[in-house]
Engineer: 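What follows is a structure written as structure tokens; I'll ask about it next.
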Amino acid sequence: MAEAQMAILGLGYAGFGSDALDDWRQFGTGLVGLQAIEHGNSLLAFRMDDRKQRIVIDRAQGESVRFFGWEVADAVALDALAARLERAGVAVTAEPQTLADARRVRGLISFRDPAGNRLEAFHGAEIDDTPFRPGRSISGFRTGPLGLGHAVLTVENLVPVMSFYVDVLGFALSDYIEKPFRAYFFHVNARHHSLALIETGSNGMHHLMVELFSLDDVGQAYDIAQQEDRINVTLGRHTNDLMTSFYAKSPSAFMVECGWGGREIDPANWTPFEMHDGPSLWGHERVWLSAEDRAIAREMRMRAAAEGKRAPVQVMEGNFKLMAGTCPWWDGVRGS
């Protein structure tokens with residue numbers, strides 16, 4: 001398992017099929033703050049740091065098409081991952097150099113998870129020789145060794161999909177909730193989670209999260225999203241990764257979470273646990289939930305507030321770090 005746990009370094013890129021390129025260009029640059037890169041009439045790419053691309057919108061693909069690029073260290077690691085997948089009975093395709101070039105990487109394989117999601121593993125992401133220029137005035141995105149952000153998928157049946165990511169790909173469980181919906185969160189690096197699975201009875205894309213360096217960047221994006229009637233989950237703070245965020249309706253059938261202040265964990269010393277206080281300490285009114293589940297989530301937030309539950313933090317180098325030993329509730333959760 002040690003080999004498996006070290007293979008995947010992070011979520012390197014994500015791609016989606018959509019013919020709404022104009023809407024995506026406006027949404028990506030004007031609201032999220034990404035830099036748009038044009039690739040002909042059918043492909044729109046976005047930068048968010050020094051890499052040539054992080055998010056791809058492809059008009060030639062159907063609306064339900066999506067792919068996720070998981071990064072490994074080098075060609076040796078890529079070959080080892082391919083061999084491990086094949087031993088597990090997973091069909092692996094060694095993709096041609098033409099597709100690797102289109103993904104702006106050196107080497108590329110593809111395969112599918114049990115829910116049918118197209119996954120790609122790669123090494124050698126290309127670095128742009130020009131600085132990142134955001135689509136609106138922001139301080140930038142938190143990427144680097146933490147990867148692009150995180151992806152959250154809906155699944156018909158959580159168990160086989162979770163088993164694939166943990167037992168085959170080496171993802172590690174961070175924590176999980178059972179109410180008001182069933183969701184499990186997984187890490188591959190110090191980001192609290194790079195992947196989450198929500199059991200909904202159907203397979204699909206729930207949201208993609210990008211983390212900004214400034215809370216003001218998120219607040220200003222929230223103002224824009226309100227003006228454009230794009231709010232799908234109101235501003236709030238998560239209980240597990242401590243992210244302050246909101247969720248915007250993208251031009252496709254999934255949301256983009258714009259967040260700030262996500263916690264880092266130590267993967268080598270992390271113990272997974274169940275969160276009993278719901279997904280959010282405050283806010284995050286989820287318009288996509290049923291009225292019954294929204295009431296459950298609201299009651300959980302109100303109970304947490306009445307019990308004085310907080311996640312104390314201190315500011316260190318522009319990011320939020322947990323102050324261990326100062327909050328019996330939070331220290332108890334971390335040790336459970």
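Start at 1 with the first residue, then count along the sequence.
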Engineer: Check this for me, if you would: do K179 and E299 make a salt bridge, where the nitrogen-to-carboxylate-oxygen distance has to be below 4.0 angstrom?
Structural biologist: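 Salt bridge between K179 and E299, a charged N being under 4.0 Å from a carboxylate O: no.
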Engineer: Are R51 and T143 close enough that a side-chain donor and a side-chain acceptor fall under 3.5 Å?
Structural biologist: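 Short answer, no.
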Engineer: What residues form a ring-ring contact (aromatic ring centres under 6.0 Å, His included) with F16, not counting sequence neighbours?
Structural biologist: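 In terms of ring-ring contact (aromatic ring centres under 6.0 Å, His included), with neighbours along the sequence ignored, F16 is linked to F254.
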Engineer: Going by salt bridge (Lys or Arg N to Asp or Glu O under 4.0 Å), name the residues that satisfy it together with K249, two or more places apart in sequence or in a different chain.
Structural biologist: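 Per chain and number, K249 pairs via salt bridge (Lys or Arg N to Asp or Glu O under 4.0 Å) with no residue.
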Engineer: Checking D229 now: which residues fulfil salt bridge (Lys or Arg N to Asp or Glu O under 4.0 Å) with it, not counting sequence neighbours?
Structural biologist: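 In terms of salt bridge (Lys or Arg N to Asp or Glu O under 4.0 Å), with neighbours along the sequence ignored, D229 is linked to no residue.
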Engineer: In the hydrophobic cluster built from side-chain contacts under 4.5 Å, what are the other members alongside Y13?
Structural biologist: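 Members alongside Y13: L43, V56, F67, L99, V105, L108, F122.
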Engineer: Among residues at least two apart in sequence or on other chains, which ones pass salt bridge (Lys or Arg N to Asp or Glu O under 4.0 Å) with E120?
Structural biologist: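 Only R103, R118 meet the salt bridge (Lys or Arg N to Asp or Glu O under 4.0 Å) criterion with E120.
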Engineer: More than 12 heavy atoms of other residues, nucleotides or ligands under 6.0 Å from CG of N41: yes or no?
Structural biologist: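 Atom CG in N41 is not crowded, with 12 or fewer foreign heavy atoms closer than 6.0 Å.
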Engineer: What's the separation between atom OG1 in T239 and atom CD1 in I177, rounded to the nearest 0.5 Å?
Structural biologist: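 The distance works out to 7.0 Å.
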Engineer: Show the numbers, then the answer: is there a ring pair (Phe, Tyr, Trp, His ring centres under 6.0 Å) between F246 and Y222?
Structural biologist: CA-CA 7 Å; F246 74 94; Y222 192 64; 5.0 Å; yes
Engineer: Just by distance, do the side chain of Q35 and the backbone of R133 share a donor-acceptor pair under 3.5 Å?
Structural biologist: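 Yes; judged by distance alone, with no hydrogens or angles, the pair exists.
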Engineer: With sequence neighbours left out, what residues match Q220 under side-chain hydrogen bond (donor to acceptor under 3.5 Å, both in side chains)?
Structural biologist: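 Residues passing side-chain hydrogen bond (donor to acceptor under 3.5 Å, both in side chains) with Q220: none at all.
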Engineer: Look at atom CZ of R106 and say whether more than 12 heavy atoms of other residues, nucleotides or ligands are closer to it than 6.0 Å.
Structural biologist: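 At most 12 heavy atoms, drawn from other residues, nucleotides or ligands, come within 6.0 Å of this atom.
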Engineer: Under 3.5 Å, is there a donor-acceptor pair between the S252 and W24 side chains?
Structural biologist: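 W24 and S252 do have a side-chain donor-acceptor pair below 3.5 Å.
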